[in-house]
Amino acid sequence: MANVNIDWSNLGFNYQPITKRYVANYKDGHWEKGGLTEDATIVLNECAGILQYCQEVFEGLKAYRTKDGRIVTFRPDLNAKRMMDSAKRLVMPPVPEEMFMEAVDQVVSANKDWIPPYESGGALYLRPYLFATGPVIGVKPSDEYQFRLFGTPVGSYFKNGIKPITICVSDFDRAAPHGTGDIKAGLNYAMSLHPYILAHENGFDENMYLDAATRTYVEETGGANFLFVTKDNVIVTPKSNSILPSITRRSLVALAEKLGYKVEHRPVKFTELEEFAEAGLCGTAAVICPVGKVVSKDKTIEFASGMQEMGPVLTKLYNTLRGVQLGTVEAPEGWIREIK
Ligand SMILES: *Cc1c(COP(=O)(O)O)cnc(C)c1O
């Protein structure tokens with residue numbers, strides 16, 4: 001790590017351009033060969049599909065240094081598959097899984113100096129994305145696309161310790177039934193910015209979105225799935241076709257089952273929340289972020305685990321998944337991709 005000058009212990013979650021990124025173009029009905037470039041800028045036609053009709057999908061994953069000094073990524077094949085599903089929904093050419101994996105391997109391999117040390121708790125955050133470059137003015141899918149993958153070093157999510165957050169029930173909806181809530185697209189985030197800023201202005205850390213049709217079921221936040229634990233240690237995750245299928249959530253559920261927990265993936269009524277002992281948000285950024293309190297117009301729900309620490313069951317799951325990522329807990333077959 002001789003070549004970059006970073007204070008690893010003070011890294012936050014900000015974009016910092018690193019040496020090399022991957023780029024590949026789709027033209028004339030096929031993907032051209034991709035490769036690394038040092039150019040962090042993109043020059044686009046003024047009428048590019050991304051600028052007019054918002055054809056863009058993305059992913060997020062991390063490369064870590066393990067305790068024994070290896071460099072690994074966590075289940076990148078699932079990011080590749082999910083981005084293919086997202087692309088299809090927006091009528092974009094899916095990036096073939098092999099190209100996606102090549103991009104991950106090449107970017108991580110070419111930017112090793114930018115991967116935070118194991119001890120820092122940080123990681124190299126990877127952002128693969130696909131967007132329409134070809135001009136469109138009549139409403140239709142573009143003919144040309146670009147796939148890029150860049151990395152940026154990020155610090156530990158819990159630099160100041162793991163503290164439960166307080167969230168509010170949003171007056172806005174995140175995703176319509178049969179809409180685009182189940183794909184990872186920038187368009188889902190554009191509309192969440194206003195409620196996100198409002199939540200912050202009102203002193204909350206995040207929004208809880210309810211189902212748009214009936215406002216009675218719990219969906220997710222703008223960028224993380226929910227995980228609840230009942231007083232009998234049953235793990236409950238909300239089910240709905242407008243929730244984004246989090247890879248972290250699916251992995252935590254698989255580990256929980258291996259550890260012997262009972263898991264229920266089912267619709268969760270907002271009125272049920274009071275019966276849960278623990279609540280958390282899960283996603284690549286934090287793995288699990290504990291939720292201490294949920295505030296709605298007419299009531300405040302305080303989970304038994306409180307506002308001081310993560311509850312015992314979520315802590316156990318958190319430590320297990322972090323251990324898998326950092327090489328201290330044996331990983332299920334195929335979950336870890338080592339990069340040389
Ligand atoms: C990315 C994302 C998540 C978390 O997914 P992971 O694969 O676990 O990182 C959850 N909800 C939304 C809306 C997302 O965009």
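Only this structure's heavy atoms are used, side chains among them; waters, hydrogens and symmetry mates stay out.
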Requested in this report: Look at the side chain of D205 and the backbone N and O of T166, then say whether any donor-acceptor pair between them is shorter than 3.5 Å.
Outcome: yes
Requested in this report: Test K20 against W114 for side-chain contact (heavy atoms from CB on, under 4.5 Å), laying out the working first.
Outcome: CA-CA 10 Å; K20 295 197 172 154; W114 295 96; over 6 Å; no
Requested in this report: For I183 and N188, run side-chain contact (heavy atoms from CB on, under 4.5 Å): C-alpha distance rounded to whole Å, both residues' side-chain angles, the deciding distance at 0.1 Å, then the answer.
Outcome: CA-CA 8 Å; I183 64 166; N188 289 328; 4.3 Å; yes
Query - Short N-O contact, E272 and R266, less than 4.0 angstrom - result: yes
**Report entry** Flag, side chain of E56 to backbone of G49, donor-acceptor distance under 3.5 Å
**Finding:** no
Report summary line: Value for CE (M92) from OG (S86), rounded to nearest 0.5 Å, stands at 9.5 Å
Query raised in the report: Can V263 be reached from L259 by stepping across I, L, V, M, F, W or Y side chains whose heavy atoms are under 4.5 Å apart?
Result: yes
Query raised in the report: Is D143 reaching over with its side chain to a backbone N or O of D28, donor-acceptor style, under 3.5 angstrom?
Result: no
Requested in this report: Could you pull out the closest heavy-atom pair between L11 and K159, with the gap in Å?
Outcome: O-NZ, 2.5 Å
Report task. State, yes or no, whether a side-chain contact exists between E219 and P238 at a heavy-atom distance under 4.5 Å. Result -> no
Query raised in the report: If only atom types and distance count, is the side chain of Q55 paired as donor or acceptor with the main-chain N or O of L90 below 3.5 Å?
Result: yes
Requested in this report: Please lay out, stage by stage, how Y196 and Y189 fare under the test ring pair (Phe, Tyr, Trp, His ring centres under 6.0 Å).
Outcome: CA-CA 10 Å; Y196 186 72; Y189 279 77; 9.6 Å; no
**Report entry** Donor-acceptor contact present, side-chain N225 to main-chain R249, <3.5 Å
**Finding:** no
Query raised in the report: Salt-bridged, K81 to E97, with N to O below 4.0 Å?
Result: yes
Query raised in the report: Do the ring centers of Y15 and F150 come within less than 6.0 Å of each other?
Result: yes
**Report entry** Taking every non-hydrogen atom, the tightest pair across T248 and G283
**Finding:** OG1-C, 3.1 Å
Query raised in the report: Taking all atoms of both residues into account, what is the closest heavy-atom pair of A63 and V108, and its distance?
Result: CB-CG2, 3.9 Å
Query - Main-chain N/O of Y22 paired to Q106 side chain as donor or acceptor, under 3.5 Å - result: no
Report task. For a salt bridge (Lys or Arg N to Asp or Glu O under 4.0 Å) with E59, tell me which candidate from R82, R75, R127 qualifies. Result -> R82
Query raised in the report: Is the backbone N or O of S242 less than 3.5 Å from a side-chain atom of R174, with the two atoms forming a donor-acceptor pair by type?
Result: yes
Query - Heavy-atom closest pair, residues K112 and K340 - result: NZ-C, 2.9 Å
Query raised in the report: Are the side chain of N45 and the backbone of C47 linked by a donor-acceptor contact shorter than 3.5 Å?
Result: yes
Query raised in the report: Is there a path of hydrophobic side-chain contacts, each under 4.5 Å between heavy atoms of I, L, V, M, F, W or Y residues, that connects I247 with L281?
Result: no
Query - Residues, nucleotides or ligands: over 12 heavy atoms within 6.0 Å of K239 NZ - result: no
Report task. Check the surroundings of atom NE2 in H30: do more than 12 heavy atoms from other residues, nucleotides or ligands lie under 6.0 Å from it? Result -> yes
Requested in this report: Please name the pair of heavy atoms, one in P164 and one in M307, separated by the smallest distance, quoted to 0.1 Å.
Outcome: CD-O, 3.4 Å
Report summary line: What one should report as the nearest heavy-atom pair of V169 and S296 is CG2-CB, 3.7 Å
Query - Salt bridge present between D182 and R89 (N-O < 4.0 angstrom) - result: no
Query - Spacing of E338 atom CD and T73 atom OG1 [to the nearest 0.5 Å] - result: 10.0 Å
Requested in this report: Would you give the length of the straight line joining atom CG of L51 to atom OG1 of T133, rounded to the nearest 0.5 angstrom?
Outcome: 10.0 Å
**Report entry** I235 side chain near L252 side chain, heavy-atom distance below 4.5 Å
**Finding:** no
Requested in this report: Would you confirm whether K163, through its side chain, and Q308, through its main-chain N or O, come within 3.5 Å as a donor-acceptor pair?
Outcome: yes
Query raised in the report: Would you say K299 has more than 12 foreign heavy atoms packed within less than 6.0 Å of its NZ?
Result: yes
**Report entry** Worked verdict on K62 versus Q325 for side-chain contact (heavy atoms from CB on, under 4.5 Å)
**Finding:** CA-CA 10 Å; K62 286 174 172 175; Q325 292 173 337; over 6 Å; no
Query raised in the report: What class does the angle between the rings of F226 and F228 fall in, given that below 30° is parallel, 30 to 60° is tilted and above 60° is perpendicular?
Result: parallel
Requested in this report: Measure the shortest side-chain to side-chain distance between Y217 and S240 over non-hydrogen atoms and say whether it is less than 4.5 angstrom.
Outcome: no
Requested in this report: May I ask you to test the F147-P96 pair for a side-chain heavy-atom distance under 4.5 Å?
Outcome: no
Requested in this report: Show your working on side-chain hydrogen bond (donor to acceptor under 3.5 Å, both in side chains) between D68 and T66 and close with a plain yes or no.
Outcome: CA-CA 5 Å; D68 59 359; T66 61; 2.5 Å; yes
Requested in this report: Check whether any side-chain heavy atom of I6 lies under 4.5 Å from a side-chain heavy atom of Q16, and answer yes or no.
Outcome: yes
Query raised in the report: Any link between Y129 and L149 through a network of hydrophobic side chains (Ile, Leu, Val, Met, Phe, Trp, Tyr) touching at under 4.5 Å?
Result: no
Requested in this report: Drop me the distance from L187's CG to Y53's OH, to the nearest 0.5 angstrom.
Outcome: 15.0 Å
Report task. Tell me whether V23 is reachable from V95 by hopping between hydrophobic residues (I, L, V, M, F, W, Y) whose side-chain heavy atoms are closer than 4.5 Å. Result -> no
Requested in this report: For the pair F276 and I301, evaluate side-chain contact (heavy atoms from CB on, under 4.5 Å) and give the outcome as yes or no after the intermediate values.
Outcome: CA-CA 10 Å; F276 295 132; I301 295 146; over 6 Å; no
**Report entry** Validation row: I162, P290 side chains within 4.5 angstrom (heavy atoms)
**Finding:** yes
Requested in this report: For the pair K262 and D232, find out whether any cationic side-chain nitrogen is under 4.0 Å from an anionic carboxylate oxygen.
Outcome: no
Report task. Check the pair K297, D171 against salt bridge (Lys or Arg N to Asp or Glu O under 4.0 Å), reporting the backbone distance first and the verdict last. Result -> CA-CA 9 Å; K297 285 238 153 39; D171 291 334; 2.8 Å; yes
Query raised in the report: Any side-chain heavy atom of F131 sitting closer than 4.5 Å to one from L44?
Result: yes
Query - Y64 reachable from Y318 in the ILVMFWY side-chain graph, under 4.5 Å edges - result: yes
Query raised in the report: Is the shortest side-chain N to carboxylate O distance from E32 to K27 below 4.0 Å?
Result: no
Report task. Could you tell me whether the side chain of N79 reaches within less than 4.5 Å of the side chain of P128, counting heavy atoms only? Result -> no
Report task. In plain terms, say whether D173 and R215 are close enough for a salt bridge, that is, a side-chain N and a carboxylate O under 4.0 Å apart. Result -> yes
Requested in this report: Would you check if the side chain of W8 reaches a backbone N or O of Y118 as a donor-acceptor pair within less than 3.5 Å?
Outcome: no
Query raised in the report: Under 6.0 Å from the OH atom of Y261, do we count more than 12 heavy atoms belonging to anything else shown?
Result: yes
